[in-house]
Amino acid sequence: MPGWGSNGTGSLFTSISAPAATGRLWTGFSTTATHIDVMPRLKSLKRCARARAMRAVRRFMRGHGATGAPLKPRRVSDPVIRFRAPRDGETVVDDQVQGKVSVANRDLDDLVILRSDGSPTYNLAVVADDHDMGVTHVIRGADHLTNAARQAQIYSALGWDRPVFAHVPLIHGPDGAKLSKRHGALGIEAYRAMGYLPVALRNYLVRLGWSHGDDEIFSMDEMVKWFDLTEIGRSPSRFDFSRLENLNGHYIRLSEDEALGAMLRAIVPDLPMEEKPPNADNEESWRKLSQAMPGLKERAKTLVDILNAGRFVFASRPLEIDDKAGKLLDEDARNVLRALLQPLEALHEWNVSEIEAALREFTGMSGLKLGKVAQPLRAALTGRTTSPGIFDVLSVLGKEETLARIQDQVS
RNA sequence: GCCCCCUUCGUCUAUCGGUUAGGACGCCAGGUUUUCAACCUGGAAAGAGGAGUUCGAUUCUCCUAGGGGGUGCCA
């Protein structure tokens, strides 16, 4: 996405417009790229306004006589310049999404276009700036619909052609209230820190207010090929985290292990303390994490989930055992673990297939179901009742660490 | 208050006047399974209400209700 963030006074939620020449996207506008034609005229208007206001005040004071106090106007407070809007008729905006929207002109007031300090206000600035840049399409949130009518009037007053307007429906929060930068807004960085992938976010967002038959998963190419303004619905939607999580899980499972590892390391600084892995600067732990990635990504909905589920590779002994895992480690379980030490110790090769063979042989001999062996092991090795496949856990941890963690529980 | 926009399962949506109103997420049940996920099968779940137009309305029109947005020397 080009042009995220804010430049000067504009920002993501204000306006997105495309200059014809380059086809690049711009967000907001810059008040420094100014409007050669308009500004000087307005400036002089302002001087006139001030002079006129002075005269009016004097007149008023004369009219009220010299009743006492020293009534001598020093200076008129700085005037503003307003746009003289048409009083009759209506202004019609032909919007690509909303259709023809008409507003009676009597409902649109004479808005301020130049502040008392001489700077232009939003509605004048976007119009002048978009015009200067040759912007062809103004696409923004439906909260700007009324502004479009005002801006249309300004375009007309200036004798300029209007760009194409498109006002897309807003996205409300899960509670149905507006989601915007000034109210309960979540910036894009917040979603990053929650462990959402850019691809997932894009895919989720594109389906809000827009659809392509029954399709749910879109590649970037498909989005570009199929998306069209004319197919956008007009009703606002709610932000649904479970839907986002589902897509995010989908894309995590599709991601390469190395790519996930890189993203994980990148977001660690942005995470709250309790979500950061312990000893996060330990390279060996990161190596183990990437080794465990196939099993971890299978189970995760967010990057934070991966870090959380993969915490056991970062943890140092003695391991913290959570409540559920603790209850699992009763006397029977400890006996199983004790009996496991010897056959594991005897393994020369420490890899998934050797480990699996050894454990299955053990269950065969002892008559225990694999679950009766796997769960205590899982508890002792990860401190949790859920984890990636148990053979993978042993393999990733390494022989020495595995035996030590079991020893911690049986002694 | 005034103006504008919106209204199909809880949520996102499909439907270009005639369908058993479809799909997805979530939820419930079952299957698979070393846990949890993933995956597979099945299930519950919707046209806000009222008038019209029409042989026939979810679909077109109007009204009501509800929701949202706007109404700044904010953007």
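Here is how names work: the chains are called A, B, and so on, in the same order as the sequence lines, proteins then strands, and each is numbered from 1.
Distances from the side chain of A:Val112 to the nucleotides B:C6, B:C73, B:A75 place B:C73 closest. Side-chain proximity of A:Arg234 to B:U13, B:C4, B:C6: nearest is B:C6. Among the nucleotides B:C6, B:C2, B:A75, the one closest to the side chain of A:Pro236 is B:C6. Checking B:A75, B:A14, B:C73 against the side-chain heavy atoms of A:Val80 singles out B:C73 as nearest.
As rounded to whole Å, 16 Å separates atom P of B:C3 from atom CG of A:Leu145. At whole-Å resolution of the value, CZ in A:Phe165 and C1' in B:C5 are 17 Å apart. Taking atom CD of A:Glu245 as the reference point, atom C1' of B:U11 lies 14 Å away to the nearest angstrom. One can place CD1 of A:Ile113 at 14 Å from P of B:A75, the figure rounded to the nearest angstrom. With rounding to whole Å, A:Trp210 atom CH2 is found 22 Å from B:U11 atom P.
Using atom P as the reference point in both B:C40 and B:A45, the two lie 24 Å apart (nearest Å). A distance of about 15 Å separates the P atoms of B:C12 and B:G26, rounded to the whole Å. Between B:U8 and B:A46, the two P atoms lie 14 Å apart (nearest whole Å). Nucleotides B:U58 and B:C39 place their P atoms 36 Å apart, quoted to the nearest Å. On the C1' atoms, B:U35 is 45 Å away from B:U19, given to the nearest whole Å. Using C1' as the reference atom, B:A38 and B:C25 are 16 Å apart when rounded to the nearest Å. Only the P atoms considered, B:A14 is 15 Å distant from B:U59, to the nearest whole Å. Rounded to whole Å, the P atom of B:A75 lies 15 Å from the corresponding atom of B:G70.
Checked for salt-bridge contact, A:Glu222 and A:Lys225 miss the test: no charged N lies under 4.0 Å from a carboxylate O.
At distances below 3.5 Å, not a single donor-acceptor pair connects side-chain atoms of A:Arg384 with backbone N or O atoms of A:Ala325. A:Asn248 contributes no side-chain N or O that, together with a main-chain N or O of A:Ala200, makes up a donor-acceptor pair within less than 3.5 Å.
At most 12 heavy atoms of other shown residues, nucleotides or ligands fall within 6.0 angstrom of atom CG in A:Asp323.
At the phosphate of B:A14, OP1 or OP2 sits under 4.0 Å from a side-chain N or O atom of A:Ser211. Distances shown here put a side-chain N or O of A:Arg115 below 4.0 Å from the OP1 or OP2 atom of B:A75.
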Go along nucleotides 19-37 of chain B 5' to 3' and tag each nucleotide: B for a protein heavy atom under 4.0 Å from its base, S when only backbone or sugar atoms are that close, - otherwise. ---BBSSS-------BBBB
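Pairing for B:C36 is absent, judged as Watson-Crick or G-U wobble with the two contacts each under 3.5 Å. Pair assignment for B:C9 gives none, since no Watson-Crick or G-U wobble pairing has each distance under 3.5 Å. In this structure B:C27 sits in a base pair with B:G43, meeting the Watson-Crick or G-U test at under 3.5 Å. The partner of B:C16 is absent, by the rule that a Watson-Crick or G-U pair needs both atom distances under 3.5 Å. Pairing for B:A51 is with B:U61, a Watson-Crick or G-U wobble pair whose two hydrogen-bonding atom distances lie under 3.5 Å.
A:Arg338 and A:Asn335 form a side-chain donor-acceptor contact under 3.5 Å, judged by distance and modelled atom types alone.
Among the protein residues, A:Asn147 comes within range of the nucleic acid bases, having at least one heavy atom under 4.0 Å from a base atom. A:Thr363 comes within 4.0 angstrom of nothing in the nucleic acid, heavy atoms only.
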Under the ring-ring contact (aromatic ring centres under 6.0 Å, His included) rule, what do A:Phe239 and A:Tyr191 come out as? Steps first, then yes or no, please. CA-CA 12 Å; A:Phe239 201 99; A:Tyr191 293 89; 5.6 Å; yes
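Rounded to the nearest 0.5 Å, atoms CZ (A:Arg150) and NE2 (A:His144) are 12.0 Å apart. Distance check: A:His212 NE2 to A:Asp228 CG gives 10.5 Å after rounding to the nearest 0.5 Å.
Using cut-offs of 30° and 60° on the angle between ring planes, the pair A:Tyr155 and A:Phe165 is perpendicular.
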